[in-house]
Protein chains: 2
Amino acid sequence: MTAAGLPMVVPARDLPARVRIHEVGARDGLQNEKTVVPTEAKAEFIHRLADAGLTTIEATSFVHPKWVPQLADAERLFPLLDDLREVDLPVLVPNERGLDRALALGARRIAVFGSATESFAKANLNRTVDESLAMFEPVVARAKSGEGGEVHVRGYLSMCFGDPWEGPVPLAQVVRVCRALLDLGCDELSLGDTIGVATPGHVGQLLAALNEAGVPTSRIGVHFHDTYGQALANSFAALQHGVTTFDASAGGLGGCPYAKSATGNLATEDLVWMLHGLGIDTGVDLDRLTATSGWMASVLGRPSPSRTVRALSHKE
Amino acid sequence: MTAAGLPMVVPARDLPARVRIHEVGARDGLQNEKTVVPTEAKAEFIHRLADAGLTTIEATSFVHPKWVPQLADAERLFPLLDDLREVDLPVLVPNERGLDRALALGARRIAVFGSATESFAKANLNRTVDESLAMFEPVVARAKSGEGGEVHVRGYLSMCFGDPWEGPVPLAQVVRVCRALLDLGCDELSLGDTIGVATPGHVGQLLAALNEAGVPTSRIGVHFHDTYGQALANSFAALQHGVTTFDASAGGLGGCPYAKSATGNLATEDLVWMLHGLGIDTGVDLDRLTATSGWMASVLGRPSPSRTVRALSHKE
């Protein structure tokens, strides 16, 4: 249980009153876990996340099952979420075949997954950046055309700060791909620090450059990784620049605490602790969320890498 | 090895050009480790920290050996550091008996250890806050009186944000004890978030309150714990308020990654990654520091809880 009265609520100047957490644990998190989780447990996980107050829960991925065996059950999982009518349940869609599968199940939100660097586009999509944009074009066009009602489209962008092959990523390169994704018709972007190297000044500089290029901050989400422990400091910097959409993974799913390198997503609980301390509304019940992550850690058979989950579980 | 060109250096506005890291791994870190480290290994650790560019390295504690068996070898350790003439080597001194021991060995910097809350003063020192200040009075007075040359005195203050028994700690209470420690003659203060509950707005508010009460930021250090993952975000907030002294523990020593609750200090490496990314000079060679923490982790027989240490070690 949360210690009585803690965190103490002390707002800071010029921060948003409310933020939206885009919960990625069930998709981006589980995708990177070795233990394959049964479909029913995934459905229970997503229901518990919704019960904890999360309103945007990325549910699964319609990539080819060969590439992500952990999420090969998308067709069986998605119908189990039909009762979650108040919750947005975006799904990853790499191409038109994926879109067909998602639309057939009634998905109302999709996400495409691009790269800011040529090296990662090649490694992850086996395409150049421009070829991958060309691949997304009909996907986004069909999603927005209202075939069965208009679908909301998020454009993920990997390697927005550093790239393992190319090193630091020039701002102009990120800005160009962001603009291109918006021009295709994406409703929002998610800027990924895929290898976790960003620091707060870099975050501020990229957000300023995007603003100058006409990309409104209201359409930008940030997706930080905690590889070097920087994710929450970067989140605070993004908050100070007006960002109101934060990707995070319940319990820090996707980063194994026993791996030599913990490359996981920012833990939702650590983010919520900070936001609630700052008096920012998230709609999340931290105790319920922590209990959910503790339960999922037991399904996976190992402790959560989230510091908040470990600290609060210890207190119970 | 650090990835080439990373972190990318992107300064943020209005931050200090240089900060001093007060390295606490050899004292506060080891004190909380179960494995007793041989004196020679401690001496090697401190030498390696100095080689990595750290200039303020808290070396040991002159509390009664009964209370902290890990540091019972202070009399044997301190002379092994005689060659480190360019490095400040503060030592913890709880009372006059401890001061006698420290001065006999030629210590030039001492630290007293107070509490902002009555509950922790009682639990840790078996005294009220005012009784503990009375205990420090002759210690600080003798240190500053020039008995054998003037000695620099740091005043630690625990529970500056939250207390496990009392919950949120009122700002006025912290300000009062800070003022009292400065009035006793302390040269600098270290504000401890002992249970790791602080968030960035709270940090800013306490620093502002101290400033209003006439405590110059130049005399304030911050000592954050990563219990809820907040330490680096809080450090960034402190930087934005002009703080230039940061306590940190090499490799995150003091927080066991296998404990249910990792209540450790901020890892020096995670802090250095952020500071270097912000273009702030620390004097630290991150690769050397990481190698040192990796070596100490092997002495302790378990991996480092520092995310940066794990990420960089994995790359080697």
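These numbers come from the heavy atoms of this one structure, side chains and all, not from hydrogens, waters or symmetry mates. Predicted model, so just to flag it, every value in this text is computed and none were measured.
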Problem set entry | Heavy-atom proximity to chain B below 4.5 Å, by part of A/Thr199 | side chain
For this session: Of all the heavy-atom pairs spanning A/Thr227 and B/Ala311, show the shortest one and how long it is.
Result: O-CB, 3.6 Å
Exercise. At their closest point, which heavy atom of A/Phe236 faces which heavy atom of B/Ala237, and how far apart are they?
Worked result: CE2-CB, 4.1 Å
For this session: Would you mind telling me which of A/Ala198, A/Gly229, A/Ala12 has the largest number of heavy-atom pairs within less than 4.5 Å of chain B?
Result: A/Gly229
Problem set entry | Contact origin within A/Pro11 toward chain B - heavy atom pairs under 4.5 Å | backbone
Problem set entry | Winner by heavy-atom pair count (cut-off under 4.5 Å) against chain A, out of B/Val10, B/Val9, B/Leu232 | B/Val10
Problem set entry | Per-residue contact mode, B/Gln205 against chain A (heavy atom under 4.5 angstrom) | side chain
Exercise. What part of A/Glu269 is in contact with chain B, defined as an atom under 4.5 angstrom from a non-hydrogen atom: side chain, backbone, both or neither?
Worked result: neither
For this session: Side-chain contact test, heavy atoms from C-beta onward, threshold under 4.5 Å: evaluate it for A/Tyr228 versus B/Leu312 and give yes or no.
Result: yes
Exercise. Out of A/Ser306, A/Gly204, A/Pro200, A/Gly279, which one racks up the most heavy-atom pairs below 4.5 Å with chain B?
Worked result: A/Pro200
Problem set entry | Structural part of A/Val203 lying under 4.5 Å from a heavy atom of chain B | neither
Problem set entry | Spacing of CZ belonging to A/Arg307 relative to CZ belonging to B/Arg307, to within rounding of 0.5 Å | 4.5 Å
Problem set entry | Test item: B/Trp273 side-chain N/O and A/Val197 main-chain N/O as donor-acceptor pair under 3.5 Å | yes
Seminar exercise, completed: Taken to the nearest 0.5 Å, the spacing of A/Gln230 CD from B/Thr308 OG1 works out to 6.0 Å
Problem set entry | Spatial distance of atom CG (B/Leu171) from atom CE (A/Met8) [nearest 0.5 Å] | 5.5 Å
Problem set entry | Other residues, nucleotides, ligands: >12 heavy atoms within 6.0 Å of A/Arg18 CZ | yes
